[in-house]
Amino acid sequence: DIQMTQSPSSLSASVGDRVTITCRASQSLSNYLNWYQQKPGKAPKLLIYAASSLQSGVPSRFSGSGSGTDFTLTISSLQPEDFATYYCQQSYSTLTWTFGQGTKVEIK
Amino acid sequence: QVQLQESGPGLVKPSETLSLTCTVSGVSINTYYWSWIRQPAGKGLEWVGRVTASGSTNYNPSLKSRLTMSVDASKNQFSLNLRSVNAADTATYYCARDDGSGWFLDWGQGTLVTVSS
C-alpha cells in the first residue's frame, strides 16, 4: 500500500493567517493527490483534486501544489469557517486508495 | 444536484454481516463509480471499496476476504456487505461518488454502525 503522511497533525492559527499543510507519499504519485476538508459530524468535502485543481465552489484562498511524493495545501488567509480537519488522499494506485491521518486546524 | 443517503442497521453483532445501502438521487448510477469509505470515531478515513453499475469491483485488500459490493440500477442504489464483523469494524460509513479519476466528488451524510453484542 502507498502510505500517506501529513504534517503537522494539528496546528493553531488565527483568522487571517497563511496556513500550509504538507502531505508526503511513500512512492511517487505523479499528481494523483486530492485534499478534503471535514468539519465535526459532517462528511468530508473535496477541495483540491489532481494536486492543484480547485473544485467548483471552493474559495480561491485554498490552493494545492506539488508532484511526485511531496504536496502542500495552502490557505492564504484563514477564515473562521476554515477551522476543520484536512485530509490528503492518493488516487494513484487503483489497488487501494489511501488517506493521510489528517491535520486539525484549530483557533489560536 | 447529486445526493447520496446511507441506510442500514446501526447495531450489528460480532461475527454477523454488516449490510448498508446507499440511495443515489440526481444522477444515474450507471454513469459513475461508487465507493464506501469508513471512519472510526475520532480517527481517519479508510477507503473500503468501489463498484460500478457493470458490476466491476475494487476492494481494500485488508477487507477483500469479507467484502461484497453490488449495484441495483433499477433502484439507483448500491450496497455493501461486510461479513464476520468485529469491534474494529465499528465506524461511520460513508458512501461517495467518483467519476473514475479516484477523487470523491459527493458524499452521503454517513451512518454510524456499532459492532457489539
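Lettering follows sequence order; numbering is per chain, from 1. No experiment lies behind these values; they were computed from the predicted model shown.
- Only one option out of A/Lys45, A/Lys39, A/Arg61 pairs with A/Glu81 in a salt bridge (charged side-chain N to carboxylate O under 4.0 Å, His left out); it is A/Arg61.
- Between the side chains of B/Gln77 and B/Thr21, not a single donor N or O lies within less than 3.5 Å of an accepting N or O.
- The contact between A/Pro44 and chain B is made by backbone and side chain atoms together, counting heavy-atom distances below 4.5 Å.
- Residues satisfying the ring-ring contact (aromatic ring centres under 6.0 Å, His included) criterion with B/Tyr32, sequence neighbours excluded, are absent altogether.
- Only the side chain of A/Gln55 comes within contact range of chain B, with heavy atoms under 4.5 Å apart.
- Side-chain contact, A/Gln3 with A/Gln27: no donor N or O sits under 3.5 Å from an acceptor N or O.
- For B/Asn60, the parts sitting under 4.5 Å from any heavy atom of chain A are the backbone and the side chain alike.
- Only the side chain of A/Tyr36 comes within contact range of chain B, with heavy atoms under 4.5 Å apart.
- In this structure, a donor-acceptor pair under 3.5 Å is absent between the side chains of A/Gln89 and A/Tyr49.
- Note on A/Glu106 versus A/Lys104: salt bridge recorded, some NZ/NE/NH1/NH2 to OD/OE distance being below 4.0 Å.
- A disulfide bond (SG atoms under 2.5 Å apart) check over residues 11-117 of chain B, counting only residues at least two apart or in different chains, returns the pairs B/Cys22-B/Cys95.
- Chain B forms the most heavy-atom pairs under 4.5 Å with one residue out of A/Thr96, A/Thr98, A/Asp1, and that residue is A/Thr96.
- When heavy atoms are compared at a cutoff of 4.5 Å, B/Thr92 does not approach chain A at all.
- Within residues 103-117 of chain B, the residues having any heavy atom less than 4.5 Å from a heavy atom of chain A are, in residue-number order, B/Trp103, B/Phe104, B/Leu105, B/Trp107, B/Gly108.
- Contacts with chain B were tallied for A/Gln101, A/Lys42, A/Gln38; A/Gln38 has the most, counting heavy-atom pairs under 4.5 Å.
- With sequence neighbours excluded, the residues forming a salt bridge (charged side-chain N to carboxylate O under 4.0 Å, His left out) with A/Asp70 are A/Arg24, listed by chain and number.
- For the residue pair A/Ser67 and A/Asn31, no side-chain donor N or O sits within less than 3.5 Å of a side-chain acceptor on the partner.
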